[in-house]
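Just the heavy atoms: all of them, side chains too, but no hydrogens, waters or symmetry mates, feed the values below. Throughout, a chain's letter reflects where its sequence line sits, starting with A, and its residues are numbered from 1.
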Amino acid sequence: MCGRFALTASPEEVRALLQYLDQPNFPPRYNIAPTQPIAIVRQDHGKRRFALVRWGLVPGWVKDPASFTLLINARSETAAEKPSFRTAMRHRRCLIPASGFYEWKRPDGGPKQPYWIRPKDGGLVAFAGLWEEWADPDGGEIETGAILTIEANRTVGEIHNRMPVVIAPEDFDDWLDVTNVTAKEAAKIVKPAPEDLFEAIPVSTRVNSARDDDPGLQEPVDVAAVETQAPRPAPKKAQKPAKKGGGQLDLF
DNA sequence: CCAGACGTTGTT
DNA sequence: GTCTGG
DNA sequence: CCAGACGTTGTT
DNA sequence: GTCTGG
């Protein structure tokens, strides 16, 4: 799935791909984490516009966002029917520019290994996204968003079973056209990414910390040693203390 | 009728 | 274990 | 997604 | 808001 990504392309490169009216400036970001602002592109009055929203979609009907699960992803297979997503699937689709994303591989018994997954040609892509507007009782408004996911293709499947939905440039217009294109029609645009689009590069576990944000996070590390190692012995299951007998506190 | 859920991932 | 913060 | 907290009173 | 469960 996609719980961390990057947007390191220049504002000019992003605008060249997505063709919005605005000319925003923004810094490269190597480690975008949930709850942080993400760049989205949506169609407004027939024009493409750039915006920043909080990553973690909050449906409009939520009363207390604090006690609502953070929806950073939406399964593309079911989003059109889910109460949390279906209105957005019809009326609030967007594109989310990305230079790539991170996935963590979890070998049996081994340590989690992060991978930086980016287009082989070094360009950027547009993820399929949904956005929402949430009105707080004090009259404030918060815009939020989520990334659609799909079963991983063969390449990414080596690392993880889900991946973000990538929208091809020829489909940008239809994906964004919420006036004329229904959720059902939009769903047809969602496809697995071509096998040769991405490459996966093992990177430092520094990326684990959302506070780290620098180019070094995308530098290859040598993970061969780790991968060829025999899996560690499975951690011993701690003996379950017999809770039932006696009920005495066993302090010594 | 009202109350309560509404989600994804991964892991077991 | 579970929740919050980034 | 992962990391880090998870608590109170009073004092500086 | 809308659907499901009781």
Legend entry - Protein-nucleotide distance (A/L70, atom CG; C/dG5, atom C1'), rounded to Å: 10 Å
Inset, instruction - Measure from CG on A/N161 to P on B/dT9 and round the result to the nearest Å. - result: 8 Å
Inset, instruction - Establish, yes or no, whether a centroid distance under 6.0 Å links the rings of A/F5 and A/W55. - result: yes
Inset, instruction - Go through C/dG6, B/dC6, D/dC2 for me and flag the one nearest to the A/R106 side chain. - result: D/dC2
Inset, instruction - Describe the nucleic acid contact of A/R86 in one word from base, sugar-phosphate, nothing, applying a heavy-atom distance below 4.0 Å. - result: sugar-phosphate
Legend entry - Ring-on-base stacking B/dC6 with A/W61 (under 5.5 Å, under 30°): yes
Legend entry - Length of the OH-C1' vector between A/Y30 and D/dC2, whole Å: 21 Å
Inset, instruction - Using the P atom as the reference point in each nucleotide, state the distance between C/dT4 and D/dG7 in Å, no decimals. - result: 11 Å
Inset, instruction - Write down the distance between CZ (A/R211) and P (D/dC1), rounded to a whole number of angstrom. - result: 18 Å
Legend entry - Nearest-angstrom distance from the residue atom NZ of A/K82 to C1' of B/dC6: 9 Å
Inset, instruction - Counting Watson-Crick and G-U wobble pairs only, both distances under 3.5 Å, name the nucleotide matched with C/dT2, or none. - result: D/dA5
Inset, instruction - Would you please indicate yes or no on a ring centroid separation below 6.0 angstrom for A/F198 and A/Y115? - result: no
Inset, instruction - Report which part of the nucleic acid A/F85 touches: base, sugar-phosphate, or nothing (heavy-atom distance under 4.0 Å, all strands). - result: sugar-phosphate
Inset, instruction - Would you mind classifying the nucleic acid contact of A/S84 as base, sugar-phosphate or nothing, using non-hydrogen atoms under 4.0 angstrom? - result: sugar-phosphate
